[in-house]
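Data block below; observations after.
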There are 2 protein chains.
Amino acid sequence: MDQEEARSRVLDAAERLFYDRGIQAVGMDELRTAAGVSLKRLYQCFPSKNELVEAYLQRRDARWRSELAEYVAEHAGAPEDRPLALFDWLHTWFAAPGFRGCAFINSFGELGPTSDGVACVARDHKLALHAYVTELVQGLKVGDPAGLAGQLVLLVDGAITTAALTGDPEAARNARTAAATLLAAR
Amino acid sequence: MDQEEARSRVLDAAERLFYDRGIQAVGMDELRTAAGVSLKRLYQCFPSKNELVEAYLQRRDARWRSELAEYVAEHAGAPEDRPLALFDWLHTWFAAPGFRGCAFINSFGELGPTSDGVACVARDHKLALHAYVTELVQGLKVGDPAGLAGQLVLLVDGAITTAALTGDPEAARNARTAAATLLAAR
DNA sequence: TAGTGTAGAGAACGTTCGTTCTCGTGCCAA
DNA sequence: TTGGCACGAGAACGAACGTTCTCTACACTA
C-alpha cells in the first residue's frame with residue numbers, strides 16, 4: 001500500500017469516526033482498525049493524534065466549502081438566488097443520515113481550550129465561510145456586503161446548531177425565510 | 001460542612017472548570033481540590049461524573065435563563081424593545097471575561113453522541129430558550145410568534161457560536177441589527 | 001471512659017489511551 | 001544465497017482517570 005493511500009484511508013476513517021462520536025471518544029487503535037493500516041503506518045503519516053485531528057479538520061473544511069460552492073453554483077440561477085440556495089443546501093445536509101452538526105463547532109467545544117491548533121482551524125473555517133458569503137452578496141448592490149454576509153452567517157451557524165440539537169432539518173427552512181427577509185430589506 | 005453546602009461548592013467548581021476547559025479535560029481529583037471537599041463527599045453528592053455533569057448543566061440552564069429574563073425585564077421598556085434587549089444582554093455576556101460560548105452546545109459537541117443525558121439537557125435548554133423568546137414575541141401582534149421566535153433564536157445561537165469562535169463580541173450587535181430587521185418586517 | 005459511627009486524606013485499583021517496542025515475515029540487491 | 005530492510009501485527013509501557021478502599025482522627029453517646 002502506498003503512503004499516500006494509507007494517508008487518505010486514515011483521513012477517511014478519522015472523518016467518519018471523529019465526526020460521528022467525537023474526537024476523544026475515538027482511540028488511535030480503533031482508528032487503525034477502521035482504516036485498515038498498521039499502527040506503525042498510522043504514526044508515519046501523522047506523528048501524533050493532534051496532527052491527525054488538525055489534518056482531518058482541514059480536509060473537511062476544504063470539502064465542505066467546495067461542496068457548498070458547487071451546489072450554489074449549480075442550483076442558483078439569478079445572483080439574488082445564490083444566498084438562498086445556500087440554505088437549500090443546508091437542508092439537504094441536515095436531512096442526510098449521520099448529520100451531527102458542525103464539525104468545527106463540535107471540535108472547538110471539545111478541544112478548543114486545550115488545543116490551539118483546533119481552535120485556529122475552526123476559526124479559519126468560519127472566516128472562510130464569511131468570505132464566501134460576502135462574495136455571494138457582493139453581486140447584489142448592497143451598501144455593506146460584509147455586514148449583510150455576517151448576518152447571513154449568523155443564520156447559517158444558528159441553523160446548524162439548532163438542527164444538530166433538535167435533529168430537525170426544518171431549521172434550514174426557518175433560516176432561509178429569515179435570510180429572504182434580510183435580503184429583501186437590504 | 002453541610003451536605004448541601006458541599007453540593008453547591010462542587011457545582012460551583014464544576015461550572016467554572018467544565019465551562020473553561022471542557023468536561024473531559026477536568027478530572028474528579030482536580031474538581032475535588034477546587035471544591036475543597038473530600039473525594040468521599042464528592043461521590044456522596046454525585047455518584048458518578050455523568051450525574052455531576054448533568055447537574056452542572058441543569059443548574060447552569062436555570063441560572064442562564066433567569067439572568068437573561070431579569071436583564072430583559074429590567075432594560076426593556078416597551079414590549080417591542082424586549083426581543084432587542086436580549087441581544088444587548090448577549091453583548092455584555094460575550095464581552096465578559098471567561099466567555100467561551102454556549103455551555104450546552106459545547107457539551108453536546110463533546111459528549112452528545114456518548115451521553116444521552118447531556119444531549120437531552122442541551123436540547124431542553126434550547127427548547128426553553130425558544131419558548132421564552134416566543135413569549136417575548138407574543139406581546140407584539142405577529143401572525144406566527146413561534147416562527148418569528150425560531151428565527152430570532154437562530155440569530156442568538158449563531159451569535160453565540162460566532163462570538164465564541166472569533167472572540168469578537170460584535171457578533172451580538174450584528175445579530176441585533178438583523179433581529180431588528182426581522183421584527184420590522186413582521 | 002469505652003465504643004461507635006462518620007469524615008477527611010490520600011493510596012490503591014482497574015481500565016483506557018497515546019505512543020513505542022519487539023518479533024516474525026517477506027522482499028530486494030549484491 | 002544471504003544480508004539487510006521495510007512492514008504488519010500486536011504486545012508493552014507509562015500516564016491519566018474514574019472509582020473504591022484503607023487508615024487515622026475525632027465527635028458523640030451510653
Side-chain angles (χ1 to χ4, degrees), chain A residues 1-57 106-107 109-118 121, chain B residues 1-57 106-107 109-118 121:
Chain A
M1 187 195 310
D2 195 349
Q3 183 92 345
E4 210 45 48
E5 187 190 335
R7 195 182 155 89
S8 88
R9 280 169 74 165
V10 169
L11 281 174
D12 287 346
E15 182 151 357
R16 196 159 14 96
L17 293 174
F18 284 161
Y19 180 72
D20 275 0
R21 310 222 312 268
I23 291 168
Q24 301 187 81
V26 176
M28 295 296 267
D29 209 66
E30 182 176 5
L31 232 135
R32 169 200 73 160
T33 305
V37 305
S38 75
L39 217 46
K40 180 181 278 185
R41 197 71 104 120
L42 204 172
Y43 276 92
Q44 270 173 11
C45 296
F46 305 96
S48 74
K49 190 179 183 182
N50 254 331
E51 306 189 40
L52 171 56
V53 169
E54 291 176 25
Y56 142 64
L57 288 174
N106 291 346
S107 306
E110 188 173 355
L111 297 174
T114 313
S115 158
D116 286 344
V118 168
V121 179
Chain B
M1 186 196 311
D2 195 351
Q3 183 91 346
E4 209 44 50
E5 186 190 335
R7 194 183 156 88
S8 89
R9 281 169 72 165
V10 169
L11 281 175
D12 288 344
E15 182 152 353
R16 195 157 16 95
L17 293 174
F18 285 160
Y19 180 71
D20 276 0
R21 312 222 311 268
I23 291 168
Q24 300 186 82
V26 176
M28 294 297 267
D29 210 65
E30 182 177 3
L31 232 135
R32 170 201 71 161
T33 306
V37 304
S38 74
L39 217 48
K40 181 182 275 182
R41 196 72 103 122
L42 204 171
Y43 275 93
Q44 269 174 12
C45 296
F46 304 96
S48 74
K49 191 179 183 180
N50 254 331
E51 306 189 39
L52 172 56
V53 169
E54 291 176 24
Y56 142 64
L57 288 174
N106 291 345
S107 306
E110 189 174 355
L111 296 174
T114 314
S115 158
D116 287 343
V118 168
V121 178

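Throughout, a chain's letter reflects where its sequence line sits, starting with A, and its residues are numbered from 1.
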Polar atom pairs between nucleotides 20-28 of chain C and protein, under 3.5 Å, N or O only, would you list them?
none

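- By the side-chain contact (heavy atoms from CB on, under 4.5 Å) test, B:V118 pairs with B:V53, B:L57, B:S107, B:L111, B:S115, sequence neighbours left out.
- Under the rule for a salt bridge (Lys or Arg N to Asp or Glu O under 4.0 Å), B:R7 has no partner lying at least two apart in sequence or in another chain.
- Between B:K49 atom NZ and C:dT16 atom C1' the separation is 13 Å, expressed in whole Å.
- With hydrogens and angles disregarded, a donor-acceptor distance shorter than 3.5 Å links the side chain of B:E110 to the backbone of B:I23.
- Looking at the side chain of B:S38, the nearest of the listed nucleotides D:dG8, C:dA7, C:dG8 is C:dG8.
- Residues passing the salt bridge (Lys or Arg N to Asp or Glu O under 4.0 Å) test with A:D12 are A:R59, sequence neighbours excluded.
- B:E4 meets the salt bridge (Lys or Arg N to Asp or Glu O under 4.0 Å) test with no other residue; sequence neighbours excluded.
- Residues passing the side-chain contact (heavy atoms from CB on, under 4.5 Å) test with A:D116: none are found, sequence neighbours excluded.
- Using a 4.0 Å heavy-atom criterion, one finds that B:Q3 contacts no nucleic acid atom at all.
- In this structure, A:E54 has no salt bridge (Lys or Arg N to Asp or Glu O under 4.0 Å) partners at least two apart in sequence or on a different chain.
- Remark: P of C:dG8 and CD of B:E5 are 11 Å apart, rounded to the nearest angstrom.
- Contact check of residues 9-37 of chain B against DNA chain C (heavy atom, cut-off under 4.0 Å) returns B:R32.
- Between the CG atom of A:N50 and the C1' atom of C:dC17 there is a distance of 14 Å, given to the nearest Å.
- B:L42 has its CG atom 14 Å from the C1' atom of C:dG10, to the nearest Å.
- Counting to the nearest Å, the P atom of C:dT19 and the CD atom of A:Q44 are 15 Å from each other.
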Which side-chain N or O atoms in residues 28-38 of chain B pair as donor and acceptor under 3.5 Å with protein atoms at least two apart or in another chain?
| unit_1 | atom_1 | unit_2 | atom_2 | d |
| --- | --- | --- | --- | --- |
| B:E30 | OE1 | B:R21 | NH2 | 3.0 |
| B:E30 | OE2 | B:R21 | NH1 | 3.0 |
| B:E30 | OE2 | B:R21 | NH2 | 3.1 |
| B:T33 | OG1 | B:D29 | O | 3.1 |
| B:S38 | OG | B:R41 | N | 3.1 |

